Amino acid sequence: MQPYRQHIIGLPLQRSLFGLTGRAATTIGLPGLSSELDFPARLDENGDLFLDRSQVAALTRALPSWFTPETLELMHMKHAAACDGLVEESENAVRVPASLDGAVSKLAENLANRMALVLAYGVLSKFVPDVLLRALADAGDDQPPPFPEKSAGAELMQDTFALYQACCALNYTPQRLQQEWPRVSSEVFQLVREFCHRQTGFGPLAWDSPGFEDPSYVVRLLHSAFDEVNAEQVRRRLSFTKRSAVARSTCEEPTKIAALRRVLGFWLDFLERETWYVRRAFYVGMIPLLQELAAGYRQKIPALQPADLLFLDIRELTTGIADPAVIHTRRQRYMTNTEYLSFRGVDPSRLTTMLGTL
């Protein structure tokens, strides 16, 4: 088979999470997904994503006859619970005392499982929304699709524009900000850092590729987006990012059309947030756990640094299996893949910047 997408992920730890998606998908409850072998996606060691078209077709055929108001509500509840659960697990990951025996490893395992579940939904998002949209048409619905009133991308753009305006108000144009960063005023420095904290999670799927958690990335973005632009024109364009509210069913009973629209609306919003959920979970939840685990590993491997743990798979990480020779071999293979590193914008210090040193 030809890859659906090539070289989407380079780090062994992140690749290993995709190995958990098949098992996670069996808990979603969709027809035709009763075993790991039914899951239509796999990721190889090169980071290439493959989709089995015959399995996608089988799932696509099975879903419409399964749709009832009750099963659609169950689908919505499980999907929302998976997303909310990942956010909650991410926020709670660093609140358990590291002194509790095995607590950090268990937290990392739990977080990885929740990330894998959302990744499974991400794979399903490649075709399930289309099935729902066709089911709506077949049921006689002639309303516009239930897009969110304001998309995640629009909200991000408006917050980015607000940051640009705040920096300009302090006499930091995008050009000056890029030239002087990080040696800027404390007020501007704090503005950028707070923005990064709010928007951590937006960025590429690959964790090692810089995104909105990285102040330097945000500063470059402000320069490319707003340097020498007409701020008033941008403001007017952003005023159109709020969609007109979609008409909702007035039926009191849970009709099939109303249920389909509710579920499809959530999937359409998820399409813009699926990467955000997992990327934010890594930066907010997993990185602090990796730093804690690295401190423990140092007792056995004194030269180990937190970034070395990115070259373990999740099973090795949570069971304490860390072979320095294996880490070295995997790191070398990663660092010599210059095509991937260049495409993803990964500079030589990127992994250390992400995880720090001990």
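Fair warning: this is a prediction, and the values are worked out from it, not measured in the lab. Start at 1 with the first residue, then count along the sequence.
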Please assess R5 against D48 for the test salt bridge (Lys or Arg N to Asp or Glu O under 4.0 Å), listing each intermediate value before the final yes or no.
CA-CA 6 Å; R5 288 180 61 190; D48 294 342; over 6 Å; no
Min side-chain heavy-atom separation [X]-[Y] under 4.5 Å:
| X | Y | result |
| --- | --- | --- |
| Y334 | L351 | yes |
| P129 | L264 | yes |
| R333 | E45 | yes |
| N110 | K106 | yes |
| F67 | V263 | no |
| T21 | L43 | no |
| R315 | I321 | yes |
| E109 | I314 | no |

Partner of Q14 by side chain to side chain contact (heavy atoms under 4.5 Å, CB included), out of L205, L310, D313
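Among L205, L310, D313, the one meeting side chain to side chain contact (heavy atoms under 4.5 Å, CB included) with Q14 is L205.
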Do [X] and [Y] belong together in a cluster built from hydrophobic side chains that touch within less than 4.5 Å?
| X | Y | answer |
| --- | --- | --- |
| L74 | F270 | no |
| F195 | V192 | yes |
| M77 | L124 | no |
| M335 | I9 | yes |
| V188 | F212 | yes |

Can a cation-pi geometry be assigned to R330 and F311, taking NZ or CZ under 6.0 Å from the six-membered ring centre and within 45° of the ring axis?
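The answer is no, since R330 fails at least one limit relative to F311.
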Charged tip of R176 within 45° of Y172 ring normal and under 6.0 Å
yes
Under 6.0 Å from the CZ atom of R198, do we count more than 12 heavy atoms belonging to anything else shown?
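It does: R198 CZ has more than 12 such atoms within range.
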Taking the side chain from [X] and the backbone from [Y], do they hold a donor-acceptor pair closer than 3.5 Å?
| X | Y | answer |
| --- | --- | --- |
| D38 | S35 | yes |
| Y297 | L317 | yes |
| K126 | L51 | no |
| S224 | L221 | yes |
| Q55 | L37 | yes |

Nearest 0.5 Å, what's the [atom1]-[atom2] distance between [X] and [Y]?
| X | Y | atom1 | atom2 | answer |
| --- | --- | --- | --- | --- |
| E316 | T318 | CD | OG1 | 9.5 Å |
| K300 | R298 | NZ | CZ | 14.0 Å |
| L290 | Q305 | CG | CD | 13.0 Å |
| F39 | S34 | CZ | OG | 13.5 Å |
| L304 | I327 | CG | CD1 | 5.5 Å |
| L163 | Q158 | CG | CD | 14.0 Å |

Nearest non-hydrogen partners of [X] and [Y], listed with the distance:
| X | Y | value |
| --- | --- | --- |
| I257 | A139 | CD1-O, 3.4 Å |
| L293 | A108 | CD1-CB, 4.4 Å |
| T68 | T71 | N-OG1, 2.8 Å |
| A62 | P31 | O-CG, 4.0 Å |
| A25 | A120 | CB-CB, 4.1 Å |
| P306 | L355 | O-CD2, 3.4 Å |

I'd like a table of donor-acceptor pairs (distance under 3.5 Å, sequence neighbours excluded) in which one partner is a side-chain atom from residues 281-288, with atom names and distances.
| unit_1 | atom_1 | unit_2 | atom_2 | d |
| --- | --- | --- | --- | --- |
| Y283 | OH | W207 | O | 2.6 |
| Y283 | OH | R350 | NH2 | 2.8 |

Closer than 4.0 angstrom, basic N to acidic O: yes or no for [X] and [Y]?
| X | Y | answer |
| --- | --- | --- |
| R114 | E88 | no |
| D308 | R331 | yes |
| R134 | D138 | no |
| E213 | R279 | yes |

With no hydrogens and no angle check, just 3.5 Å: does a side-chain donor-acceptor pair link [X] and [Y]?
| X | Y | answer |
| --- | --- | --- |
| Y340 | N46 | no |
| S349 | T352 | no |
| Q199 | D159 | yes |

Given the rule in the ring pair (Phe, Tyr, Trp, His ring centres under 6.0 Å) test, do Y277 and Y121 qualify, once you have shown the distances and angles that lead to the verdict?
CA-CA 11 Å; Y277 282 115; Y121 276 107; 10.0 Å; no
Test log, rule side-chain contact (heavy atoms from CB on, under 4.5 Å), inputs R262 and L72
CA-CA 9 Å; R262 174 174 163 83; L72 288 163; over 6 Å; no
Which is it for T26 and L33 under the side-chain contact (heavy atoms from CB on, under 4.5 Å) test, yes or no, and what are the steps along the way?
CA-CA 5 Å; T26 63; L33 270 180; 5.8 Å; no
Given side-chain contact (heavy atoms from CB on, under 4.5 Å), test R280 with S90 step by step and report yes or no.
CA-CA 8 Å; R280 185 172 179 83; S90 305; 5.9 Å; no
Tell me which pairs pass salt bridge (charged side-chain N to carboxylate O under 4.0 Å, His left out) where either residue lies in residues 340-349, with sequence neighbours left out.
none
Provide the full list of salt bridge (charged side-chain N to carboxylate O under 4.0 Å, His left out) pairs with a residue in residues 15-36, sequence neighbours left out, each pair given once.
none
Please determine whether side-chain contact (heavy atoms from CB on, under 4.5 Å) holds for the pair L13 and L309, giving the CA-CA distance in whole Å, both sets of side-chain angles, and the decisive distance to 0.1 Å.
CA-CA 8 Å; L13 180 60; L309 300 187; 5.9 Å; no
